[in-house]
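Remember, it's a predicted structure, so these values are computed and weren't measured experimentally. In the text below, chain A, chain B and the rest are named by the order of the sequence lines, each starting its count at 1.
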Amino acid sequence: MPELPEVEITRRRIAPLLVGRRISGVTTTRDSYLYLTPPAQLRRGLEGRLVTDLARRGKYLVATLDDAQRLLIHLGMTGQLFAETATSVRLLSATARQALAPEEQVRFAPDAHTHLQVAFDDGGPRVFLRDVRKFGKLRLLGPDEPEPRLDRLGVDALAVSGELLFAVSRRRKLAVKNLLLDQSILAGVGNIYADESLFLAGVRPTRRALRVTRAEFARIAEALVAVLRRSIETGGSSIRDFVAPDGSDGHYQDERRAYGRTGEPCLVCGTAIVRILVGQRGTHYCRRCQR
DNA sequence: GTTCCCCTGCGG
DNA sequence: CCGCAGGGGAAC
């Protein structure tokens with residue numbers, strides 16, 4: 001679910017509820033591959049620690065603790081990190097949702113998908129991590145313990161340049177969209193913002209990377225940064241699951257030009273947006289505007 | 001390079 | 001019932 005803008009919004013809004021607070025208790029669910037660190041070890045390592053920093057690397061969040069451990073968090077497709085005080089129907093199961101009157105607010109109760117509950121010694125609001133599909137990841141790193149997932153990451157997508165993309169794309173036969181999705185090249189781009197930036201740049205997602213010109217990569221890089229910045233400004237994309245830690249929705253979905261607009265008219269030329277598969281991912285583009 | 005898998009829920 | 005979903009990693 002979350003790409004760079006959603007992870008950045010999550011970071012900004014959950015940081016005040018983590019940084020400077022001391023963890024008094026941690027509850028986990030049963031072991032699964034969500035836990036790169038076994039839950040019991042995670043609880044032992046976190047309890048009693050003060051959180052000193054929360055940073056973003058690509059789509060990862062990294063919380064630093066006062067004993068120099070780091071907690072690595074990846075939200076996968078359906079991960080939600082939020083405060084106990086948040087109110088949003090996106091935090092409820094469909095059945096719980098249906099039981100609600102239209103404008104009713106209900107307090108979230110940790111459910112089977114709430115894999116992490118963190119309480120603090122100040123007695124204030126707890127922080128929850130919910131992840132229905134469990135594609136997310138949690139790992140507690142010892143001081144200076146290496147983490148290949150982080151070491152592999154390329155340049156943050158907000159800092160991309162056309163020259164960089166042009167340089168790494170020579171001799172690469174893959175579709176240009178898949179180049180943008182490669183986290184070892186660009187950290188933070190996912191399916192929505194890949195489609196959106198290629199639309200704005202007028203480049204077809206299936207074009208082989210080595211056939212994309214320097215000028216086109218300049219446009220792609222410019223579009224990508226603009227789209228990511230604008231999405232952060234508007235609170236990210238709340239299409240299915242994404243909800244900010246305070247319970248609010250993002251609004252970038254209202255500004256989408258390609259992603260998920262299959263059959264709808266291109267906002268530039270009116271041609272119906274088509275959906276194809278590129279590397280197993282749904283891909284949306286305008287066959288007239290994007291060549 | 002593709003292909004398949006991890007897992008759960010929703011909407012057609 | 002089937003296909004689909006803001007991700008990523010391992011196996012052909």
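No contact: Ser184(A) has no heavy atom under 4.0 Å from any strand. Counting non-hydrogen atoms under 4.0 angstrom, Ile239(A) reaches a base of the nucleic acid. Counting any heavy atom pair closer than 4.0 Å across all strands shown, Gln183(A) reaches sugar-phosphate atoms only and no base atom. Among the protein residues, Asp241(A) comes within range of the nucleic acid bases, having at least one heavy atom under 4.0 Å from a base atom. Using a 4.0 Å heavy-atom criterion, one finds that Lys137(A) contacts no nucleic acid atom at all.
To the nearest whole angstrom, the two C1' atoms, one in dC6(B) and one in dC1(C), are 23 Å apart. Rounded to whole Å, the separation between the P atoms of dA11(C) and dC7(B) comes to 16 Å.
An OP1 or OP2 oxygen of dG9(B) is reached within less than 4.0 angstrom by a side-chain nitrogen or oxygen of His113(A). In this model, the phosphate group of dC4(C) is approached by a side-chain N or O of Arg275(A) to a distance below 4.0 Å at OP1 or OP2. Under 4.0 angstrom from either OP1 or OP2 of dG9(C) there lies at least one side-chain N or O belonging to Arg152(A). For the pair His74(A) and dG8(C), the criterion of a side-chain N or O lying under 4.0 Å from OP1 or OP2 is met.
One atom, CG of Asp151(A), and another, P of dG9(C), lie 13 Å apart when rounded to the nearest Å. In this structure, NZ of Lys177(A) is placed 17 Å from P of dG1(B), rounded to the nearest angstrom. Per the geometry, CG belonging to Leu277(A) stands 13 Å off C1' belonging to dT2(B), to the nearest Å. Rounded to whole Å, the distance from NE2 on His284(A) to C1' on dA5(C) is 10 Å. When rounded to the nearest whole Å, the span between CE of Met77(A) and C1' of dC6(B) equals 11 Å. For the pair Gln253(A) CD and dA5(C) P, the computed distance is 17 Å after rounding to whole Å. Rounded to whole Å, atom P of dT8(B) lies 4 Å from atom NZ of Lys134(A). When rounded to the nearest whole Å, the span between CG of Leu181(A) and C1' of dA5(C) equals 15 Å.
To the nearest 0.5 Å, atoms CG (Leu17(A)) and OG1 (Thr85(A)) are separated by 6.0 Å.
Pair assignment for dC4(B) gives dG9(C), based on Watson-Crick or G-U wobble hydrogen-bonding distances that are each under 3.5 Å.
Ion pairing between a basic and an acidic side chain is recognised when a charged N comes within 4.0 Å of a carboxylate O; Lys177(A) and Asp195(A) show such pairing. Salt bridge status for Arg70(A) with Glu145(A): absent, with no side-chain N to carboxylate O gap under 4.0 Å. Ionic pairing of Glu163(A) and Arg214(A) is present here: one or more N-O contacts between side-chain nitrogen and carboxylate oxygen are shorter than 4.0 angstrom.
A ring-centre distance under 6.0 Å is not found for Phe199(A) and Tyr285(A).
When distances are taken from the side chain of Lys59(A) to each of dA5(C), dG1(B), dG8(C), the shortest belongs to dG8(C). Side-chain proximity of Val132(A) to the nucleotides dG9(B), dC6(B), dC4(B) is greatest for dG9(B). In the set dA5(C), dG1(B), dC6(B), the nucleotide with an atom closest to the side chain of Arg240(A) is dA5(C).
For Tyr33(A) and dC6(B), the ring-to-base geometry does not satisfy the stacking test (centroid distance below 5.5 Å, interplanar angle below 30°).
Taking for each of Leu92(A) and Gly279(A) the nucleotide of DNA chain B with the nearest heavy atom, the 5'-most of the two is the partner of Gly279(A). The residue among Tyr60(A) and Tyr259(A) whose nearest nucleotide of DNA chain C is located toward the 5' end is Tyr259(A).
Residues Tyr193(A) and Ser237(A) bring a donor and an acceptor atom of their side chains to less than 3.5 Å of each other.
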